[in-house]
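Have a look at the structure below, then the notes.
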Amino acid sequence: GKFADIRHKTLSRGRKAADAANALHKTNQKFVFEWLEANYRPGYKHADMAAEIEKLVPREYDTILKDITAWKKRKR
C-alpha cells in the first residue's frame with residue numbers, strides 16, 4: 001500500500017546516506033593508513049601523529065587514534 005511505499009523510500013534514502021557515510025569513513029581511513037605508511041617511525045607518539053593527521057583530513061581525533069591502532073595491529 002501507500003504507507004509501505006513511503007516507508008520504503010524513507011528507508012532507502014537513509015540507506016543511501018549511511019552508505020555514503022561509510023564510503024567517506026573508508027576513504028578517510030585509507031588516507032590515515034597511507035599517511036602512516038609514509039610518515040610512521042618508532043617513537044612517534046600516537047597523540048602527536050593524530051594531531052598532525054587531524055590537520056589534513058576531516059576526521060575526529062579519537063577516530064584517528066583508533067585508525068592508528070588498527071593500522072599498527074595489521075602491521076604485526
Side-chain angles (χ1 to χ4, degrees):
K2 196 173 182 180
F3 177 72
D5 290 346
I6 292 167
R7 194 165 153 245
H8 176 74
K9 280 181 184 161
T10 305
L11 286 174
S12 63
R13 194 176 302 136
R15 179 77 256 148
K16 282 179 188 151
D19 288 346
N22 286 338
L24 183 63
H25 175 83
K26 283 277 179 238
T27 299
N28 290 339
Q29 186 180 58
K30 186 172 181 260
F31 176 89
V32 173
F33 287 176
E34 287 171 359
W35 187 94
L36 289 164
E37 288 291 338
N39 298 285
Y40 178 80
R41 60 189 183 278
Y44 199 165
K45 291 188 179 121
H46 286 201
D48 295 340
M49 287 188 281
E52 278 304 307
I53 295 166
E54 193 180 24
K55 296 173 191 169
L56 306 171
V57 67
R59 198 160 179 79
E60 299 268 335
Y61 177 83
D62 290 342
T63 306
I64 294 168
L65 283 176
K66 287 177 191 161
D67 292 340
I68 294 168
T69 302
W71 180 82
K72 284 187 84 174
K73 277 184 185 165
R74 281 189 182 179
K75 287 283 163 195
R76 282 189 203 141

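- Note that the CH2 atom of Trp35 and the CD1 atom of Ile64 stand 10.0 Å from one another [nearest 0.5 Å].
- Taking CG of Leu36 as the start and NE2 of His46 as the end, the distance is 8.5 Å to the nearest 0.5 Å.
- Counting all heavy atoms, side chain and backbone alike, Leu65 lies closest to Ala50 at CD2-CB, 3.8 Å.
- Under the 3.5 Å distance criterion, with hydrogens and angles disregarded, a donor-acceptor pair is assigned to the side chains of Trp71 and Glu37.
- Here the closest heavy-atom approach between residue Val32 and residue Arg59 is recorded as CG2-CD, 4.1 Å.
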List the steps, then state whether side chain to side chain contact (heavy atoms under 4.5 Å, CB included) holds for Phe33 with Arg74. CA-CA 10 Å; Phe33 287 176; Arg74 281 189 182 179; 3.3 Å; yes
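- Here Ile68 contributes atom CD1 and Tyr44 contributes atom OH; the two are 9.0 Å apart, rounded to the nearest 0.5 Å.
- In this structure, the separation between CG on Asn22 and OG1 on Thr27 is 10.5 Å, given to the nearest 0.5 Å.
- Under the 4.5 Å side-chain criterion, counting only non-hydrogen atoms from C-beta, Glu52 is not in contact with Asn39.
- Between Thr63 and His25, some side-chain heavy-atom pair lies under the 4.5 Å cut-off.
- Atom CG in Asn28 sits 11.5 Å away from atom CD1 in Ile53 (nearest 0.5 Å).
- Under the 4.0 Å criterion applied to side-chain N and carboxylate O atoms, Arg15 and Asp19 are assigned as salt-bridge partners.
- Taking hydrophobic clusters as Ile, Leu, Val, Met, Phe, Trp and Tyr residues chained together by side-chain heavy-atom distances below 4.5 Å, Leu24 does not share a cluster with Tyr61.
- Taking 4.5 Å as the limit, every side-chain heavy atom of Tyr40 sits out of range of all side-chain heavy atoms of Lys75.
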